[in-house]
Structure formats: structure tokens, C-alpha cells
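First the structure, in the form of C-alpha cells, and then the observations on it.
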2 protein chains.
Amino acid sequence: MRKRTATSYDVARLAGVSQSAVSRAFSAGASIAAETRQKVLAAARELGYQPNAIARSMSSARHADVQRTGIIGLIVTRLPDPFFSQIIDMFSRSFQLQGWHLLLFSVEAEAEVDRALTELMRFKIDGAIVMSALMSDHMAGVCRRAGIPVVLYNRRASRSEASSVCIDNADGGAQAAGLLLQTGHGRIAFLGGSHHDATSDDREAGFLAGLERGGLRLAAREEGDFTFDSGVEAGKRLLLSRERPDAVFCASDVMALGVLHAAQEYFGLSVPRELSILGFDDIPAAAWPRHQLTTIRQPYRAMVREAVEILIRQLEAPDGPGRDAVFAGQLILRRTVRGANLLPDGGDRAREARAAAAGQPASHA
Amino acid sequence: MRKRTATSYDVARLAGVSQSAVSRAFSAGASIAAETRQKVLAAARELGYQPNAIARSMSSARHADVQRTGIIGLIVTRLPDPFFSQIIDMFSRSFQLQGWHLLLFSVEAEAEVDRALTELMRFKIDGAIVMSALMSDHMAGVCRRAGIPVVLYNRRASRSEASSVCIDNADGGAQAAGLLLQTGHGRIAFLGGSHHDATSDDREAGFLAGLERGGLRLAAREEGDFTFDSGVEAGKRLLLSRERPDAVFCASDVMALGVLHAAQEYFGLSVPRELSILGFDDIPAAAWPRHQLTTIRQPYRAMVREAVEILIRQLEAPDGPGRDAVFAGQLILRRTVRGANLLPDGGDRAREARAAAAGQPASHA
DNA sequence: ATGCAGGATGCATGCGCAGTCACAACCGAG
DNA sequence: CTCGGTTGTGACTGCGCATGCATCCTGCAT
């Protein structure tokens with residue numbers, strides 16, 4: 001049986017004041033004498049009293065403009081993926097620092113997002129972050145009507161039903177294409193993530209457009225599911241083909257590392273001499289000494305900071321405008337692209353990217 | 001301004017019934033006519049009504065034996081670490097499946113656990129999982145008095161103030177020592193995690209005891225902080241020493257991979273011919289083709305399942321006994337220990353471990 | 001000495017829901 | 001046709017808190 005915890009009435013009795021006084025002692029800026037507050041806090045300490053956050057949000061439900069539970073829903077996909085776990089950690093810490101709490105929901109497929117949001121809304125979350133997934137238009141409407149701001153991370157919001165923060169995937173793809181063309185690759189392959197995943201598709205589109213501008217066409221195309229193992233398998237398929245590609249651009253670092261390990265281990269290839277590999281994201285393992293993967297970095301710290309700011313601003317001014325922030329990816333030249341280290345200053349595109357990333361994100365209200 | 005969402009009264013009015021009827025329509029096993037329930041559900045659908053979970057837990061606070069918020073606190077350390085992110089993901093999914101929700105709290109240091117629990121208790125969590133950290137005895141008492149079960153993951157509970165689930169770290173260390181002795185290594189080093197970290201200390205103690213049984217002493221000792229980079233740095237220090245070790249046992253796979261990359265990249269060493277490396281945990285990257293790290297596997301799926309079961313059992317029978325589950329680590333022979341693949345069936349210890357892991361965990365009520 | 005402003009405090013109320021209680025409606029048996 | 005029993009339903013209450021409102025008190029100006 002759950003033991004009863006002390007309530008504000010218990011504290012009031014012990015401190016010899018009214019329950020209102022206890023409530024006021026715990027809310028900043030309330031009209032209460034310093035002496036009284038001390039008396040109350042002392043009694044509270046003695047009883048181990050902590051204001052009940054649930055009851056508090058119930059109570060304030062009356063006062064229209066401040067109903068707050070202090071809870072934010074965080075809906076995540078592929079939590080164990082190193083790219084995402086870094087981001088989740090940063091979200092968690094950022095919100096904590098500002099006094100918010102996160103209700104975590106891990107979903108498998110895009111289709112579960114609506115269900116997750118519905119369930120979270122029963123807890124009267126004040127807002128939500130949705131990672132790498134979209135909600136339905138229906139759900140977006142429900143959230144809007146309920147006054148719950150949602151920020152999509154890693155997805156562009158369509159029709160401004162929500163705010164969003166993401167990387168310019170098409171531009172990243174174009175940067176990748178530019179680098180591979182500039183370094184004289186001829187048989188270029190692309191390894192995509194899950195079928196019809198917006199992120200992967202955009203990177204591919206930008207990549208293809210970039211190749212086309214250089215007068216090249218894709219030599220091969222494979223598809224994985226953003227996991228390392230799928231990268232290994234796709235790598236094997238690519239390298240077994242008759243016309244072996246001399247470069248592969250992968251929709252994520254995790255898959256790119258799969259290709260790298262497959263190329264070295266199962267084909268004894270020298271990277272980048274016999275095969276160039278280009279990733280996307282810049283996860284920690286990309287920088288490991290034996291990997292030194294050339295990739296497009298997502299400035300995820302700035303991106304998370306931006307997402308948190310957008311959400312909190314909307315929490316404070318619920319009728320304010322949303323915001324779509326698009327960040328530029330930054331080409332990181334390491335060792336897996338042949339000839340790249342010979343380019344002056346890492347090539348023009350890299351310089352451009354660096355400049356863009358340093359500034360503000362492009363935005364669309 | 002937050003828009004008002006539909007309440008049970010709104011649904012009642014639309015359905016032409018009382019508020020009580022609406023409440024009953026949403027609670028299984030309540031005394032209500034099927035026809036009435038349908039009417040209510042239809043009205044609810046029309047208004048987009050969802051029972052308010054906050055108000056529900058407020059209300060049921062009166063009925064002593066069932067106060068439930070449905071929220072479980074999850075306090076985590078080192079969230080981005082691949083070993084932990086897998087586990088967090090599994091916790092998240094397991095609890096979700098059973099209708100519980102997780103309030104996530106990411107902490108940096110052991111000392112923050114008490115603060116985190118205190119904060120979570122304001123939300124009247126029904127229970128908590130604490131990963132890789134201990135709470136103070138004081139806090140344990142507070143939780144016990146409040147009737148909030150806590151399960152420590154990856155830590156042994158002292159004085160049965162809480163339940164716990166963890167791996168037999170000392171035995172894992174002993175297995176590591178056994179393997180290195182059996183394969184004829186002579187200058188053996190240990191790479192620890194953070195200073196005075198219980199996990200690292202226990203692994204070290206078991207390892208040292210094992211070496212001693214074989215008549216060997218540690219040739220060198222280094223300390224990192226469980227990160228890859230610290231593994232690289234510690235690896236450099238070890239390999240620069242006059243009497244270079246011929247084997248290193250690392251307190252975690254992440255650090256072991258750091259040593260591996262450092263040995264190959266900065267010293268051009270052949271692993272395992274010139275240096276054997278042994279890790280602990282068996283994270284996904286340990287199995288990558290170019291790593292093939294020999295390690296002690298934690299059967300984390302079974303462990304998380306056990307932790308969830310323990311917590312839910314205590315949630316349902318709050319006065320029931322706690323439980324300390326200790327799982328056996330399983331030696332996974334890959335390629336980073338010289339001579340290990342020559343052992344019959346991977347060596348006796350591996351067979352033993354496999355058998356132990358297949359069975360029930362040892363337990364101490 | 002009187003009036004008044006402004007701070008401090010207590011009382012009463014309701015947030016949305018689940019459960020208790022009382023009673024109406026309806027059943028089959030006598 | 002009446003009576004005990006069974007269901008279904010609605011009125012009412014309180015979970016713990018924050019706040020509006022009324023009241024009281026203190027200090028200061030007149």
C-alpha cells in the first residue's frame with residue numbers, strides 16, 4: 001500500500017499557518033513575509049514535504065493562461081543509433097536545466113507517432129519534440145487546437161502545422177556530389193536508408209542533382225535501413241558487382257562505416273585508394289583513428305539548442321509564429337575520399353559550408 | 001492561450017448521460033450497459049475527448065491501494081554510450097508495452113541521483129529505475145517510506161534498500177584473467193573506468209584475483225573514463241611504456257576499441273599477434289568486421305526483462321520483497337586475443353558461462 | 001488623532017476525475 | 001399482482017493545490 005506523503009495541510013498545521021501560506025511559501029513572487037516563509041520551509045523540511053506537481057497542474061488548470069504540467073513529450077525513433085542518442089541526451093539536459101521534464105516515448109514506425117502523441121496528451125504535456133518522424137495532418141490539427149506546440153526534429157514541417165529544425169539534406173547531398181566530382185571519381189554509387197525515408201530521399205535527390213550538374217550519372221544504387229549491418233550487406237553487393245564503383249555516398253555514417261568495414265575486411269580493399277566512402281552526420285565513430293570517415297557534419301548542438309528555444313518560445317507565447325530552421329551541413333574532410341586532402345583548404349564547398357554553419361540557420365516563418 | 005480541451009462533462013452533456021457514466025465508460029469492468037458505453041464513446045470520439053491522466057491520478061489518490069500515475073522515473077547516466085542507449089531503448093519499449101510511461105532524467109554524476117529522485121517524486125512516480133548509479137541511504141529511506149519501489153540497474157544494492165539487477169563483474173574479471181592466462185600472456189595490463197566506479201572496481205578486483213590464482217601480477221594499470229577517447233589516450237600511454245604489455249583487459253568495450261584503434265593506427269601493431277585486447281559488455285561495434293573484439297557479454301535483454309519484471313511485481317505488491325538478480329557474463333571469443341581460437345570449444349570458461357547465462361540468474365532476496 | 005495605502009494572511013473554491021451511496025427500473029418467482 | 005434481488009444510473013464528494021477575495025494589521029501622511 002502506498003504510504004501517504006505529507007501534504008500542504010500537514011505542513012501548515014506544523015508551522016501554525018494556513019494551507020495558503022504553505023502554497024505561497026513555495027511559489028516565487030507570492031505575497032508572503034520572509035519570516036513566515038522560513039517557518040513554512042522549516043516545517044516542510046521536517047516532514048519531507050514536496051509540492052505535488054500533479055495537483056499543482058490540476059489546480060492551475062483554472063487559470064487559463066498558465067496551465068502547465070511542466071512536462072514535454074519526447075518522441076524518438078532509433079534511440080540506440082549513436083547519432084540520435086547524442087541528440088536525445090542533449091535534449092534531456094537542456095530541458096532539465098530549464099525546469100522541464102521529459103516524458104519519453106520510443107516509436108518504431110512513423111505510423112506510431114500519432115498514437116504516441118495521443119497518449120502523451122492524456123498527460124497534458126505542454127509541448128512535444130518529435131524526432132525523425134512526421135505526424136499526420138489530422139494530429140497536427142489536434143495539437144494546434146489543444147494549444148500544444150510541436151517541434152519536428154530532423155524533418156521539415158509541411159504546411160507549417162508545426163515548427164521544425166533540420167539539416168539541409170539536399171544541399172548536403174550536393175556537397176557530397178561536388179566533392180566526388182572534384183576529386184575525379186567516375187563510377188559513383190549511392191547507398192540509401194529506408195525506402196521512402198524523407199531524409200534519405202532528400203540527400204539522394206541533392207546528390208543526383210549535383211552529379212548531373214557535373215555531367216555524371218549514378219553507377220549503382222543500393223538500399224539499407226540505416227543500420228551498420230545493412231551497410232555491410234549493401235557494401236558487399238556493391239563490391240561484388242561487375243563494374244565496381246570507385247566511390248560510395250551513404251545516407252548515414254553508420255551505414256558508411258558498414259561499407260568501410262566490408263570493403264576492408266571482405267574485399268581487402270584499400271580505402272580510399274581503391275574505394276572512396278562518404279558518410280553523413282559525423283557521429284563520434286566517424287572520427288575514430290582507423291575510420292577517419294569523410295562526412296557531412298550536422299551541427300547538432302546548435303540544432304538542438306535551436307529546437308529547445310523554438311519550443312520554449314512557443315510555450316511562452318502560444319500564439320506566436322512557428323519556425324522552420326534549416327541548418328547547413330559542413331563537409332568534414334578526413335581520409336576516406338581519394339584526393340580530397342589535396343584540395344586547397346579542403347575545397348571550396350567545404351569553406352562555404354563552414355561559413356554557413358557558423359552563421360544563423362536559414363529560416364522560414 | 002491554451003485552449004480548453006473537452007472534459008468528461010462535455011462528453012456527458014453530448015451523450016445525454018451523467019459524468020459518472022462517462023467515467024465508467026472508460027474504465028474496464030465498470031457497471032455500465034453496453035449501449036450506454038457505446039453512446040458515450042461515440043460522443044467522446046466526436047469531441048476528441050481523452051481522459052485526463054493527471055486528474056485521474058489525483059482522483060484515485062483517495063483510494064489508498066490504487067493510487068497510480070502510471071509514470072515511472074528513469075534515471076540514466078551516460079545516455080549516449082552505445083551500451084546504455086540499447087538498454088534505455090529496451091526499457092522504454094518494455095514499459096510502454098505494459099502501459100507505463102517514462103519520465104526521463106539524465107544525470108552526470110552519482111551525486112545528482114538524489115536530486116533527480118526528489119524531483120521525480122514531485123510527479124508522484126509509481127516507481128523508478130536508476131541506471132549505473134547509487135542513491136544515498138537517506139534517499140532509499142525516503143523512497144521506501146513513500147512506497148516507491150526502485151530498481152538499480154548495473155549496481156548492487158547495499159543493505160537491500162532497493163532491488164537490483166547487474167552482471168557479476170568480479171566473475172567477468174575472473175573469466176578475463178582465466179582466458180589471458182590460458183593463452184599464455186605474461187605482461188598483462190588493466191584499463192579501468194572512472195576512479196572508484198563500482199563497476200570498474202569489481203571487474204578489476206575479479207581480474208586481479210584471477211591473475212593471482214595463476215601466479216601472475218599486473219604489469220601495468222591505466223585509467224580512463226569509459227569514453228573512446230580516454231581509451232585511445234590510455235592505450236598510447238600503455239604502449240609507450242618500456243615494458244610494453246602483451247595483453248590489456250579493459251573495463252568496457254568502448255575503451256577497448258579505443259586501445260585497438262590506437263594500437264593499430266599509432267603503433268602499427270598487429271592485434272592480436274603483438275597485443276591482445278579484451279573488452280567488457282559486448283556492444284554492437286565489438287562485432288564489427290574489422291574489430292572482432294573478444295569480450296565479456298552482458299545478456300542485457302534478459303537483464304532488462306528481469307528489471308522490468310521486478311519493478312512491476314513490486315508495483316503490484318508494494319510490500320513484497322525486493323530482489324537482487326546477478327547475471328553471469330559470457331565470454332565471447334573473437335579475434336583480439338592471441339591463441340584463443342585454438343582453445344577447444346573456445347575454452348572451458350566460455351562453455352560454463354554460456355550454460356550459466358542460459359539458466360536463471362542467481363538471486364538473493 | 002484620523003485616514004488610507006499596501007502588505008500579509010486566511011477562507012473558500014474549483015481544476016477533472018473515480019468511486020460511494022442511494023435509488024429507479026426491471027427481472028423472475030411466489 | 002406483489003416482493004426480494006439484480007443492474008444501471010446519477011448526485012455528490014474529495015484528491016492537493018493555487019488563487020480571488022475579504023480581512024486584518026502596520027506605518028505613514030495629514
Side-chain angles (χ1 to χ4, degrees), chain A residues 1-13 15-40 44 47-70 121-124 126 146, chain B residues 1-13 15-40 44 47-70 121-124 126 146:
Chain A
M1 193 189 93
R2 153 159 277 155
K3 286 73 171 179
R4 205 172 142 284
T5 57
T7 72
S8 55
Y9 282 95
D10 302 323
V11 176
R13 202 173 321 114
V17 297
S18 73
Q19 178 268 329
S20 325
V22 176
S23 168
R24 282 191 268 259
F26 279 91
S27 42
S31 170
I32 185 174
E35 196 186 347
T36 312
R37 171 170 274 152
Q38 285 316 314
K39 211 164 47 180
V40 169
L47 296 177
Y49 168 79
Q50 289 282 108
N52 180 329
I54 300 285
R56 170 175 286 183
S57 68
M58 272 298 292
S59 169
S60 55
R62 288 199 287 167
H63 312 283
D65 54 330
V66 288
Q67 162 154 28
R68 283 293 162 75
T69 53
M121 285 177 69
R122 293 167 70 134
F123 285 89
K124 302 294 150 188
D126 294 332
Chain B
M1 192 190 94
R2 151 156 280 152
K3 286 74 173 180
R4 206 171 141 283
T5 57
T7 73
S8 57
Y9 282 94
D10 301 325
V11 177
R13 201 172 322 117
V17 298
S18 73
Q19 177 269 328
S20 318
V22 176
S23 169
R24 282 191 272 260
F26 278 91
S27 41
S31 171
I32 185 174
E35 195 186 347
T36 312
R37 171 169 273 152
Q38 285 316 313
K39 209 163 49 178
V40 170
L47 296 177
Y49 168 79
Q50 289 282 107
N52 179 331
I54 299 285
R56 169 175 287 184
S57 67
M58 273 296 293
S59 168
S60 53
R62 291 198 286 167
H63 312 282
D65 55 326
V66 286
Q67 162 155 28
R68 285 291 164 74
T69 52
M121 285 177 68
R122 293 166 70 136
F123 285 91
K124 302 294 149 187
D126 294 332

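We name chains A, B, ... by the order of the sequence lines, and we start the count at 1 in each one.
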Quiz item: Touch check for A:F26, heavy atoms < 4.0 angstrom, all strands: base, sugar-phosphate only, or nothing?
Solution: nothing

Could you tell me how far apart [X] ([atom1]) and [N] ([atom2]) are, to the nearest whole angstrom?
{"X": "A:R56", "N": "C:dG16", "atom1": "CZ", "atom2": "P", "result": "18 Å"}
{"X": "B:Y9", "N": "C:dA18", "atom1": "OH", "atom2": "C1'", "result": "11 Å"}
{"X": "A:Q50", "N": "D:dC17", "atom1": "CD", "atom2": "P", "result": "11 Å"}
{"X": "B:K124", "N": "D:dC17", "atom1": "NZ", "atom2": "C1'", "result": "12 Å"}
{"X": "B:N52", "N": "C:dG14", "atom1": "CG", "atom2": "P", "result": "18 Å"}
{"X": "B:Q19", "N": "C:dG14", "atom1": "CD", "atom2": "P", "result": "16 Å"}
{"X": "B:M58", "N": "D:dT13", "atom1": "CE", "atom2": "C1'", "result": "13 Å"}
{"X": "A:R68", "N": "D:dA18", "atom1": "CZ", "atom2": "C1'", "result": "16 Å"}

Practice problem: Looking only at side-chain atoms of B:S59, point me to the closest of D:dA18, D:dG16, C:dC17. | Solution: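 From the listed options, C:dC17 comes nearest.
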
Quiz item: If you check every side-chain atom of A:T7, which of D:dT19, C:dC17, D:dG16 has the closest atom?
Solution: D:dG16

Quiz item: If an axis is fit to five pairs at each end of the helix from C:dA1-D:dT30 to C:dC26-D:dG5, what is the angle between the two, to the nearest 10°?
Solution: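 Axis-to-axis angle, ends of the helix: 50°.
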
Exercise. Determine, for nucleotides 4-9 of chain C in 5'-to-3' order, which nucleotides have protein heavy atoms under 4.0 Å from the base (write B), from only the sugar-phosphate (write S), or from neither (write -).
Key: ----BB

Quiz item: Below 6.0 angstrom between ring centroids: does that apply to A:F26 and A:Y49?
Solution: yes

Quiz prompt | Whichever of B:V22 and A:A55 has its nearest DNA chain C nucleotide further upstream toward 5' | solution = A:A55

Quiz item: Do A:S20 and C:dC11 have a side chain to base donor-acceptor pair shorter than 3.5 Å?
Solution: yes

Quiz item: Can you find a donor-acceptor N/O pair under 3.5 angstrom joining the side chain of B:S23 to the base of C:dG19?
Solution: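 Not at all, since no donor on one side and acceptor on the other fall under 3.5 Å apart.
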
Quiz item: Under 3.5 Å, is there a donor-acceptor pair between the side chain of B:D126 and the main chain of B:R68?
Solution: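 Checking the backbone N and O of B:R68 against the side chain of B:D126, no donor-acceptor pair under 3.5 Å is found.
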
Practice problem: Tell me whether the OP1 or OP2 atom of C:dC17 has a side-chain N or O from B:S8 closer than 4.0 Å. | Solution: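 Indeed, a polar side-chain atom of B:S8 lies that close.
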
Side-chain atoms of residues 33-40 of chain A: list all donor-acceptor pairs with protein atoms under 3.5 Å, sequence neighbours left out, distances to 0.1 Å.
residue : atom : partner : partner atom : Å
A:R37   : NE   : A:A25   : O            : 3.0
A:R37   : NH2  : A:R24   : O            : 3.2
A:R37   : NH2  : A:S27   : O            : 3.2

Quiz prompt | CD1-OG distance between A:I32 and A:S20, expressed to the nearest 0.5 angstrom | solution = 10.0 Å

Quiz prompt | pair B:K124-B:S57: side-chain heavy atoms closer than 4.5 Å | solution = no

Self-check item: Pair B:R56-A:R122, side chain to side chain contact (heavy atoms under 4.5 Å, CB included): steps then yes or no
Solution: CA-CA 10 Å; B:R56 169 175 287 184; A:R122 293 167 70 134; 3.9 Å; yes

Self-check item: side chain to side chain contact (heavy atoms under 4.5 Å, CB included) against A:S23, all qualifying residues, sequence neighbours excluded
Solution: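 Listed in chain order: A:Q19.
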
